[in-house]
Amino acid sequence: MPARSTIAPRVLATVCSATALMAGCANLDPPASDALYQQAMAGTQVPAQWAASAEAAAFAPQWAGFPEHGTLQSLIDEALANNLDLRVAASRMQQAAHQARLAGADLLPTIGLGARAATDPTPGSAFSANGYAVLMNWEIDLWGRARAEKKAGEAGFRASESDYAYARQSIGALTARSWLAALEASGQLALAQELESTTGEQLKLIEYRRRIGKVSEMDVAHWSEQVAAASDVVVQREQARAQALRALELILGRYPAGAAQADEPIPDAPAPLAPGLPLDLLDRRPDLVAARERLVAAYFGAEEAKAARLPAIAIFAGAGRFTKDYSGLATSMQSWVFPVGASLAWPLFDAGRRQITLELRTEQQREALAQYARAILTAMTEVENGLTGEQQLALRERAIQRQFSESRRALELARVQRQIGQFDDFDVLQRKRDLLRVQSDLMHVRAERLVQRVNLHLALGGRFAPETQADPQVAAPFSVGNAAAP
């Protein structure tokens, strides 16, 4: 147990000076962001531009090219208001705010009111007095322990704020993806129903040909099978649409009844993105800001543990009134007393508890550094994958668009041939079925490309506009191992 004693101010100052020479105080200057990044990414070569970016164009104002005040925006607003996961993130942010306020409480004095009333002296004491008093105790933060604790709490709160911001972005992206899935499912259902109807008309023509002897029963069986397959596709599309609508309703906080309306056309994809510096992500993506602030909190946590090994110095003062005395001391004691003093507590032996705490906090700081580096690389991977995926889907969309144009042209030519007697209705219906299949593929790749744009929007942390980069300032060196040095 630490030994406490009230000492004179001059002696206390001497002890403090000697202690300052024996051990260092907590470093209350937060590590620079550039220094954190450089240490986290040591050994990793980051390119000056996104490796997968090729064309220059402005990022669309909305997530995936939807109107600014359209249905998607109203759905995102509804999800942000009602989503349960977002409520959890908001509650955690409030908890972090309370923790930050609690961490700074040690910087202020504590004031208390006490009173005593008894008929006999307290056992083991020379005398005891009844009365009341107001006492103030203030631990002087000479070594920066309480300030380091406060800074760690503030960094933790900033991390929670960024987590909440990233949760809002994630909910918006999830809503956009679910809305796109619902739109595609509705469009695919309409195409499947049209394909089923077209195949049914072909079956009727085959049955007529069978009756006049132009085809065999095998042909009728084949096209009956085609109609059954088309009907099965319609059922699958209906199930997919219902599941997509229920998923959307769950995100919106509604009961998943599958009753939402999703009958809008899928918009065209916005223009490709411009190249930019990967380091822009560090301040734009909330999850990277959160990881960095957790590293800062771990840094100050180690500094707090380092300062906790030094003596605790406190001053106290009070005012009280005694109403009763014992042991014949009434003549030497006044009714009002005003105690003032100071105390020093220096742990001489605690079984290594404080040193182990410092080593634990240092390891937690190393863990936070590794997590920050992993978050950076993960974010860059998501951006590169998003850019590459969008480019590949754009190529596929152009190829399928050409196929769709040729299929539509073939259908128009087939109708012309029917008018001059070279084609019949069955051949025209066959060209229509081919067109519906290509249209289904085109709808799917367009939806996938917009989903990829939503993912890329989230990976970039929002609107992407490359800026001219200034010369980086030389950052102060930051090392995890510094926290363990006395």
Side-chain angles (χ1 to χ4, degrees), residues 1-4 15-44 95-96 99-100 102-107 139-160 163 288-314 344-377 475-486:
M1 295 293 293
R4 283 191 176 269
V15 174
C16 292
S17 301
T19 305
L21 295 175
M22 297 172 60
C25 305
N27 184 4
L28 300 178
D29 294 327
S33 299
D34 291 345
L36 294 178
Y37 172 81
Q38 291 171 5
Q39 185 167 0
M41 300 302 293
T44 302
Q95 294 176 39
Q99 290 288 346
L102 186 62
D106 288 343
L107 291 172
E139 180 179 345
I140 301 176
D141 190 32
L142 187 62
W143 322 116
R145 183 199 64 79
R147 282 170 287 172
E149 181 185 13
K150 182 176 184 294
K151 289 180 177 292
E154 292 172 346
F157 173 64
R158 292 193 297 269
S160 296
D163 285 335
L288 296 186
V289 175
R292 185 177 64 201
E293 291 299 335
R294 290 191 182 93
L295 177 55
V296 173
Y299 169 80
F300 282 119
E303 293 298 317
E304 176 195 355
K306 181 175 68 175
R309 300 180 304 172
L310 303 178
I313 303 171
L344 169 69
W346 196 348
L348 300 179
F349 177 76
D350 61 355
R353 187 175 292 107
R354 287 172 174 79
Q355 181 61 32
I356 294 174
T357 300
L358 175 59
E359 295 173 359
L360 175 62
R361 297 284 179 83
T362 303
E363 290 301 323
Q364 291 174 345
Q365 187 180 358
R366 291 192 176 98
E367 177 187 358
L369 180 65
Q371 290 178 345
Y372 182 43
R374 183 178 62 181
I376 293 173
L377 288 177
F478 166 71
S479 174
V480 174
N482 291 342

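- Note that the CD atom of E293 and the OH atom of Y299 stand 14.0 Å from one another [nearest 0.5 Å].
- Atom CD of Q364 is separated from atom CG of L369 by 14.0 Å, given to the nearest 0.5 angstrom.
- When all heavy atoms of A307 and G144 are compared, the closest pair comes out as CB-C, 4.4 Å.
- To the nearest 0.5 Å, atom CZ of residue R294 and atom CG of residue D163 are 4.0 Å apart.
- Every side-chain hydrogen bond (donor to acceptor under 3.5 Å, both in side chains) that E154 has, sequence neighbours left out, goes to K150.
- A donor-acceptor contact shorter than 3.5 Å links the side chain of W143 to the backbone of P311.
- Under the side-chain contact (heavy atoms from CB on, under 4.5 Å) criterion, A152 pairs with F300, sequence neighbours left out.
- Checking R147, K151, R145 one by one against E149, the salt bridge (charged side-chain N to carboxylate O under 4.0 Å, His left out) holds for a single residue, R145.
- Closest approach of I356 to A351, counting heavy atoms only: CD1-O, 4.5 Å.
- Evaluation of the side-chain contact (heavy atoms from CB on, under 4.5 Å) rule for A375 yields L288, A291 as partners, not counting sequence neighbours.
- Exactly one residue among R354, R309, R361 makes a salt bridge (charged side-chain N to carboxylate O under 4.0 Å, His left out) with E304. That residue is R361.
- Counting all heavy atoms, side chain and backbone alike, A155 lies closest to V296 at CB-CG1, 3.9 Å.
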